[in-house]
Amino acid sequence: MKSISIAIDGPAAAGKSTIAKMVARNLNYVYIDTGAMYRCIALHAMMNGVPFEDEEGVCRILTKADIKMQPDGTIKLNGKDVTSAIRDNEVTMGASIVSAYPRVRTYLVSQQREMARGGGVILDGRDIGTIVLPDAELKIYQVASIECRAKRRHLENLERGIPSDYEELRKEIEQRDYQDMHREVSPLRKADDAIEIDTSDMSLEEVVANVMDLVASRIQ
Ligand code: DC
C-alpha cells in the first residue's frame with residue numbers, strides 16, 4: 001500500500017491532534033505534533049529567563065533546544081520529559097508569540113521536513129499544507145465554532161482535574177487565533193487544495209471516518 005503524507009491544519013483547539021493520533025493509529029503512520037515543538041521553544045525561553053517578546057533573546061538560545069518526540073507521545077527537551085509542562089497556560093500563550101519569529105520557524109520547519117521524509121506520516125499544525133509539506137497527498141483544514149472549541153477544551157480540563165473558566169478559555173483561544181492568523185510569516189490559512197472539515201456538529205468517530213475515506217481515495 002502506498003504511504004502518503006497527511007497535513008492537518010486549523011485554528012487552536014479544533015481537535016486536530018486527537019484526530020491525527022487516531023488516524024495515525026489506524027494507518028500505522030507516524031504522528032508529528034508540530035505545535036508541541038513551538039511549545040518547547042516557549043518553555044526553553046522560560047527556563048532560560050528570556051521573555052517571549054524578546055525576539056533576539058529567543059533566537060539566540062534557539063539552537064540549544066534539543067527536541068525529541070518519542071513514538072509513545074513523550075516529548076523531551078534537552079533530555080527532560082516536558083510532555084505535560086508544555087501544556088501549561090503560560091507556555092501555550094508563549095508558543096503563539098515565539099512562533100511568529102522567522103528564525104524559530106526556519107529552525108523547526110527544517111526538522112519537521114526531515115522527520116516527514118519518506119511519507120507514512122501525519123503532521124498537524126498551522127502551516128503544514130502551505131509551507132512544511134506543500135506536496136502532501138492529503139490536506140485537511142479542520143475547523144469548529146469558537147463556542148464548540150472553548151466548550152470542548154473546558155470539559156477536557158475539568159476531566160483532567162485542571163481548574164478551568166469557559167469565558168477565559170474562549171478569550172485565550174480567540175487571541176491565539178488572531179495572532180496565528182495575522183503574523184507576517186506563515187500565518188494560519190487554508191491551503192488552496194485543502195479539504196475543509198467543520199467538526200462543530202460531528203462526533204470524533206464521524207470525523208475519523210471522514211478522514212479515513214479521504215485517505216483511501218488518495219491511496220488508490
Ligand atoms: O497546535 P498547538 O496549539 O499546540 O500550537 C501552539 C502554538 O504554536 C500555536 O498558537 C501556533 C504555533 N504553531 C505554529 O505556528 N505552526 C505550527 N505548525 C504549529 C503550531
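In listed order, ligands and their atoms are each counted from 1.
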Quiz item: Would you call R149-D177 a salt bridge at under 4.0 Å N-O?
Solution: yes
Self-check item: Nearest protein heavy atom with distance in Å, relative to atom 7 (C) of ligand 1
Solution: A95 CB, 3.8 Å
Quiz item: Is it true that a side-chain atom of R39 and a backbone atom of I86 form a donor plus acceptor pair closer than 3.5 Å?
Solution: yes
Quiz item: Can you list the ligand 1 atoms lying under 4.0 Å from a non-hydrogen atom of D180?
Solution: 9 (C), 10 (O), 11 (C)
Quiz prompt | For atom 3 (O) of ligand 1, the protein heavy atom that lies nearest, with its residue and separation | solution = R176 NH1, 2.9 Å
Quiz item: With backbone taken as N, CA, C and O and side chain as the heavy atoms from C-beta onward, which portion of R105 lies under 4.0 Å from ligand 1: side chain, backbone, both, or neither?
Solution: side chain
Quiz item: Should the proximity of R183 to ligand 1, defined as any heavy atom under 4.0 Å, be assigned to the side chain, the backbone, both, or neither?
Solution: side chain
Quiz prompt | Q111 atom CD, neighbour heavy-atom count above 12 within 6.0 Å | solution = yes
Exercise. Examine T92 against ligand 1 and note whether any of their N/O atoms are separated by less than 3.5 Å.
Key: no
Quiz item: Considering only protein heavy atoms, which is closest to atom 8 (O) of ligand 1, and at what distance to one decimal place?
Solution: Y38 CB, 3.5 Å
Quiz item: Between P102 and V185, what is the shortest heavy-atom contact and its length?
Solution: CG-CG2, 3.6 Å
Exercise. Count the heavy atoms belonging to other residues, nucleotides or ligands that lie under 6.0 Å from NZ of K151, then report whether that count exceeds 12.
Key: no
Self-check item: From R152, E206, K16, residue fulfilling side chain to side chain donor-acceptor pair (under 3.5 Å) relative to T199
Solution: R152
Quiz item: Taking M212 as the fixed residue, which of N210, V208, L214 is the one that meets the side chain to side chain contact (heavy atoms under 4.5 Å, CB included) rule?
Solution: V208
Quiz item: Taking non-hydrogen atoms only, is R126 closer than 4.0 angstrom to ligand 1 via side chain, backbone, both or neither?
Solution: both
Quiz item: To the nearest 0.1 Å, how far is atom 4 (O) of ligand 1 from its closest protein heavy atom, and which atom is that?
Solution: R39 NE, 2.7 Å
Quiz prompt | atom 19 (C) of ligand 1 [closest protein heavy-atom partner, distance rounded to 0.1 Å] | solution = T34 OG1, 3.4 Å
Self-check item: Proximal atoms of ligand 1 relative to G125 (non-hydrogen, under 4.0 Å)
Solution: 17 (C), 18 (N), 19 (C)
Quiz item: Based purely on interatomic distance, does D127 place a nitrogen or oxygen under 3.5 Å from a nitrogen or oxygen of ligand 1?
Solution: yes
Exercise. Identify whether the distance between the nearest side-chain nitrogen and carboxylate oxygen of E168 and K171 falls below 4.0 Å.
Key: no
Quiz item: At their closest point, which heavy atom of D88 faces which heavy atom of E90, and how far apart are they?
Solution: OD2-N, 3.0 Å
Quiz prompt | Distance filter under 4.0 Å to S99 heavy atoms, resulting ligand 1 atoms | solution = 11 (C), 12 (C), 15 (O)
